[in-house]
*Asks:* 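First the structure, then my questions, so here it is.
Residue numbering restarts at 1 for every chain, and letters A, B, ... go by the order of the sequence lines. Model, not experiment: these values are computed from the prediction.
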Amino acid sequence: MDAWLELARGPLFAATFLVMVLGLVRQLGMQAVQLVRRRHLLRRARWRVILGDAFSWSLPLGHLVRGTVVLTVVSILFHLGVVLVPLLLADHIAMWERLLGVTLPKLSVGVADLLTIVAIACALLLLAYRTLVPRARALSRPRDYLALVLVVMPMVSGYLAAHPAWNPLPWQMMMLVHLLSAELLFVVIPFSKLSHMVLFPLERLSQTYWQVQPGAGERVAQALLGEEARV
Amino acid sequence: MAIPESALSQGSPKVKPESWYSFHVDEAPAGDRVERFLAAFAAILHYGGYRGLLDTYVAALGRCSRCTVSCPIYQVTGDPRDIPCYRTHLLLDVYKRHFSLSGWVRSRFGHGRELTEELVDELAETVWRCNACRRCSLECPLGIDHALLVHLGRYILSMARIAPKALQVSVREQLEGKTRNTSKLPRAALISNLEFLEEELEELLGLPVRFPVDQPGRDMVFFCAVSDYLMEADTLMGNAAVLFAAGDAERWTIGSGNFDAINYGLFYNDWHLERIIGRLMEEVLRLDGRSILIGECGHASRSAKEYVPVFGGDGAYPVQSITEYTYRCLQAGRITLDGRVITERVTYHDPCNMARSGWIVDQPRAVLKSFVKNFVEMEPHGRANYCCGGGGGLVSLDETHEYRMEVAGRLKAEQLRQTRANICVAPCANCKKQLKELVEHYQIPCRVVGLHDLILQALVIPGATDPRQRREYMATQLE
Ligand code: HEM
Ligand code: SF4
């Protein structure tokens with residue numbers, strides 16, 4: 001067991017973390033290539049509006065429109081836990097120091113516990129929403145449920161590992177589950193919609209795609225309808 | 001999910017509730033539609049520069065369901081096929097399955113959604129029932145612009161020769177016909193219409209306000225939706241009156257070679273879009289004009305504003321909408337509006353193509369509030385307005401009347417009723433047509449007019465009739 005734990009803690013962690021970082025860098029790189037290709041269009045982009053929108057969605061309190069109020073609040077609480085706890089939990093800070101050599105401010109144990117519990121509850125609510133509300137169910141695909149489950153697993157196992165009174169398994173076993181599920185998540189993130197954690201400000205720029213390339217339409221028409229293409 | 005038998009396969013124009021959404025294609029498409037769809041998609045991907053967009057969307061789509069609250073159509077139908085994100089998925093599925101490596105690999109294992117006849121039908125149905133109002137982009141946390149994919153979907157379909165007949169016929173006349181405009185208005189008819197309008201204006205104002213035609217070297221060349229020349233006399237007279245009052249009577253002209261700003265290409269086809277913009281620029285060049293002035297029309301303003309720079313390059317002609325122009329004149333003190341004339345309760349409808357990007361929201365309100373005492377807003381309004389229900393070219397498809405009334409325009413009608421306004425101002429030819437049909441259909445006691453219709457009544461011009469007399473005269477004319 002200890003050997004497994006060592007593996008999950010050391011090489012496996014480093015490897016999967018690297019996969020995530022590289023994967024996300026690749027996603028960002030692809031976006032950068034798109035931006036460079038369209039740089040002549042970016043000049044005419046409505047930057048104030050685009051940046052304003054992206055900013056307003058970072059903490060979407062301005063988007064409590066009728067019909068999404070509950071969803072928004074739940075989503076914000078969920079994200080609070082999902083973003084803060086992995087970064088700032090005391091035990092994680094030690095890990096970041098060991099791994100990356102950076103020292104982050106630390107959450108008090110009580111706050112971290114609360115955030116985790118709230119995030120787990122919110123994730124379950126999101127799952128229920130997807131399963132029970134027709135409009136969400138119509139859109140959902142297996143991978144959407146899976147994403148939520150994958151995100152919840154490290155949170156649940158981490159919480160249990162930190163609270164022996166609740167933990168049905170030996171600590172080492174639970175820790176192993178925690179590590180492996182987190183590592184699975186690392187691998188999945190860059191190849192799924194979870195990559196929104198880095199991509200989300202960039203999608204706004206898709207507005208610039210309205211500005212099509214000069215001459216493209218003509219070439220499409222000729223390719224499909226011949227030289228004498230007519231409407 | 002089965003879709004209702006579409007007019008596509010059944011070819012009959014009978015409107016059943018289930019076929020509300022259906023549209024009427026130009027010519028009975030011969031040959032394999034799946035194949036043609038894929039060929040068109042391939043060509044557009046190859047030349048069109050949409051690949052980056054699709055890859056981005058494939059990576060990002062969250063399926064969070066928020067767009068359901070923003071789409072006025074889904075709110076009425078509750079049909080999952082009307083969820084913006086659902087529709088986007090249909091197209092992205094085809095893209096992934098047929099045009100990406102991973103899709104190809106997955107298909108080897110029996111995964112992924114193969115394009116079938118039924119899927120082509122469903123795509124056609126879903127993209128043509130959307131108003132392309134872009135309201136869903138506001139409530140998408142990722143800023144996904146579902147209407148852009150509707151545009152792409154329609155582009156592909158129309159290049160596969162699956163497009164509504166009414167639009168195709170109009171564009172064909174505009175680009176390849178004799179009259180070069182969507183209403184088939186001959187040059188001679190234009191000239192006599194303008195003469196008639198000049199007489200009217202003289203009667204109304206007591207001043208010789210002209211519609212200059214083919215004057216070379218003018219600052220502004222004016223284009224409006226050509227239907228205005230047939231249906232919106234007051235709007236046009238208001239436009240000319242403002243230009244006159246601001247001292248610009250000698251600085252603008254209409255070109256008789258091309259006077260139609262309608263650009264259905266914006267709704268469904270990049271090829272048409274570019275050619276129509278090219279036509280505008282040609283006319284300005286022919287007249288040695290210096291800038292483009294677009295009349296009261298949302299999609300015409302947006303297509304010119306956004307695409308003249310795209311297709312015209314760096315030295316492209318500046319574009320402004322008449323709404324902006326009038327606003328600037330008012331700001332600069334070049335025109336005055338009489339606050340005593342309009343006593344009714346007035347509301348303002350934002351044309352999506354002007355308001356959604358935040359481009360023209362405050363300007364018309366500043367103009368209206370400067371002379372309308374009793375102004376009331378619809379809720380929601382501005383960037384978050386509801387589409388009139390005729391967006392995306394639907395208003396030009398008579399077959400969609402029932403759909404536009406019962407589904408697409410339903411929330412708008414409700415909004416309008418709640419304002420209890422007597423007058424609804426909408427500076428857009430398409431919106432006005434749809435709104436007029438709506439107030440009739442729902443029997444809402446409200447008159448739909450253009451912005452410059454009201455301005456024409458309230459404009460103070462030295463030497464002209466008093467606005468209050470003018471109003472009486474117009475009231476008798478109306479009866
Ligand atoms: C770092 C900044 C992040 C931002 C700005 C962000 C933003 C968003 C947004 C805008 C949504 C859209 C839907 C909604 O609000 O319901 C969303 C959904 C979601 N996010 Fe994040 N996110 C971030 C980080 C993360 C992280 C680190 C995770 C977990 C690894 C995560 C997991 C999820 C999941 C699972 C959903 C889908 C919820 C559903 O089922 O609807 N997010 N996020
Ligand atoms: S563009 Fe408008 S009509 Fe179309 S899906 Fe979005 S909100 Fe609905």
Side-chain angles (χ1 to χ4, degrees), chain A residues 27 30-31 33-34 37-38 41 44 46 48-50 52-54 57 60 63 65-68 71-72 75 129-130 133-141 144 191-193 195-196 199-200 202-207 209-221 223-225 229-231, chain B residues 36 39-40 43-44 46-50 52-53 55-57 59-66 68-70 74 78 80 83 85-86 89 137-145 148 151 155 159-160 168 171-172 175-176 265 269-275 306-307 309-311 313 357-359 384:
Chain A
Q27 292 272 19
M30 275 164 33
Q31 290 293 319
V33 170
Q34 294 302 329
R37 283 216 186 119
R38 286 178 290 137
L41 302 176
R44 278 193 300 277
R46 297 180 167 275
R48 213 161 41 93
V49 173
I50 291 174
D53 282 351
W57 276 106
H63 289 271
V65 298
R66 214 175 60 198
T68 61
L71 180 60
T72 303
S75 174
Y129 173 76
R130 275 206 185 277
V133 177
R135 59 174 193 239
R137 196 170 56 218
L139 287 175
S140 299
R141 304 192 162 194
D144 296 314
F191 304 104
S192 68
K193 70 171 188 179
S195 56
H196 71 270
L199 286 184
F200 102 102
L202 291 169
E203 255 95 64
R204 295 265 155 209
L205 289 169
S206 64
Q207 288 192 4
Y209 279 98
W210 278 103
Q211 314 207 342
V212 297
Q213 291 170 6
E218 191 70 40
R219 285 190 287 275
V220 169
L224 292 168
L225 307 171
R230 291 172 68 82
V231 175
Chain B
R36 279 188 317 185
I44 288 167
H46 187 68
Y47 296 111
Y50 281 101
L53 172 79
D55 288 337
T56 306
Y57 280 7
L61 226 54
R63 294 175 289 276
C64 71
S65 86
R66 273 168 201 274
T68 53
V69 300
S70 41
Y74 174 74
I83 300 176
C85 200
Y86 177 89
H89 255 295
S137 69
L138 293 182
E139 283 308 315
C140 179
L142 300 168
I144 292 198
D145 194 340
L148 181 48
H151 173 84
Y155 182 22
M159 292 316 289
Q168 289 283 85
V171 172
R172 196 170 291 143
L175 287 175
E176 288 153 10
N269 191 308
D270 290 350
W271 178 41
H272 305 338
L273 174 69
E274 180 167 359
R275 289 167 79 197
E306 287 190 5
Y307 291 99
V310 170
F311 301 130
S357 61
W359 174 34

*Asks:* For A:Ala54, which atoms come within 4.5 Å of any heavy atom of chain B: side chain, backbone, both, or neither?
*Replies:* neither

*Asks:* If you count heavy-atom pairs within less than 4.5 Å of chain A, which of B:Leu61, B:Val69, B:Leu53 leads?
*Replies:* B:Leu53

*Asks:* In terms of heavy-atom proximity below 4.5 Å to chain B, should A:Thr72 be classed as side chain, backbone, both, or neither?
*Replies:* both

*Asks:* Would you mind telling me which of A:Ala221, A:Ala223, A:Gly67 has the largest number of heavy-atom pairs within less than 4.5 Å of chain B?
*Replies:* A:Ala221

*Asks:* Looking only at heavy atoms and a cut-off of under 4.5 Å, which of B:Ser70, B:Ser357, B:Gly358, B:Ala60 has the most pairs with chain A?
*Replies:* B:Ser357

*Asks:* Heavy-atom pairs under 4.5 Å with chain A are the metric here; pick the option from B:Thr68, B:Leu138, B:Val310, B:Asn269 that has the most.
*Replies:* B:Val310

*Asks:* Check whether A:Leu225 gets within reach of chain B through its side chain, its backbone, both or neither, counting any heavy atom under 4.5 Å.
*Replies:* side chain

*Asks:* Given side chains that start at C-beta, do those of B:Arg63 and A:Arg130 come closer than 4.5 Å, heavy atoms only?
*Replies:* yes

*Asks:* For the pair B:Glu306 (side chain) and A:Trp210 (backbone), establish whether a donor and an acceptor sit closer than 3.5 Å, ignoring hydrogens and angles.
*Replies:* no

*Asks:* Give the member of B:Tyr50, B:Tyr74, B:Trp271 that has the highest number of heavy-atom pairs under 4.5 Å with chain A.
*Replies:* B:Trp271

*Asks:* Against chain A, label B:His151 side chain, backbone, both or neither, depending on which of its atoms sit under 4.5 Å from a heavy atom there.
*Replies:* side chain

*Asks:* Heavy-atom pairs under 4.5 Å with chain B - which of A:Arg48, A:Gln213, A:Arg141 has more of them than the others?
*Replies:* A:Arg141

*Asks:* Do you know which of A:Ser192, A:Gly215, A:Ser195, A:Pro134 has the most heavy-atom pairs under 4.5 Å to chain B?
*Replies:* A:Gly215

*Asks:* Please give me the minimum heavy-atom distance between B:Ala59 and A:Gln27, naming the atom from each residue.
*Replies:* CB-OE1, 3.9 Å

*Asks:* For each of A:Gln34, A:Glu218, A:Arg230, tally heavy-atom pairs with chain B at distances under 4.5 Å, and name the one with the top tally.
*Replies:* A:Arg230

*Asks:* Of the non-hydrogen atoms in B:Glu274 and A:Ala216, which two are nearest, and what is the gap between them?
*Replies:* OE1-N, 4.1 Å

*Asks:* Heavy-atom distance under 4.5 Å to chain A: side chain of B:Leu175, backbone, both or neither?
*Replies:* side chain

*Asks:* Does any non-hydrogen side-chain atom of B:Cys64 lie less than 4.5 Å from one of A:His196?
*Replies:* no

*Asks:* Which one, B:Asp270, B:Asp145, B:Ile83, B:Leu148, leads in non-hydrogen pairs under 4.5 Å with chain A?
*Replies:* B:Leu148

*Asks:* Where does B:Glu139 contact chain A at under 4.5 Å (heavy atoms): side chain, backbone, both or neither?
*Replies:* both

*Asks:* So, do B:Ser137 and A:Asp53 sit near enough that their side-chain heavy atoms are less than 4.5 Å apart?
*Replies:* no

*Asks:* Name the region of A:Leu224, side chain, backbone, both or neither, that has any atom closer than 4.5 Å to a heavy atom of chain B.
*Replies:* side chain

*Asks:* For A:Ala136, which atoms come within 4.5 Å of any heavy atom of chain B: side chain, backbone, both, or neither?
*Replies:* both

*Asks:* Which heavy atom in A:Leu139 sits nearest to a heavy atom in B:Ser65, and how many Å separate them?
*Replies:* CD1-CA, 3.6 Å

*Asks:* Measuring heavy-atom distances to chain B, does A:Tyr129 have an atom under 4.5 Å in its side chain, in its backbone, in both, or in neither?
*Replies:* side chain

*Asks:* Just give me the residue among B:Gly265, B:Gly143, B:Gly48 that pairs up with chain A most often, heavy atom to heavy atom, under 4.5 Å.
*Replies:* B:Gly143

*Asks:* Quick one: are B:Phe311 and A:Val212 in side-chain contact, heavy atoms under 4.5 Å?
*Replies:* yes

*Asks:* In chain order, what residues pass the side-chain hydrogen bond (donor to acceptor under 3.5 Å, both in side chains) check against B:Thr56, with sequence neighbours excluded?
*Replies:* A:Gln31

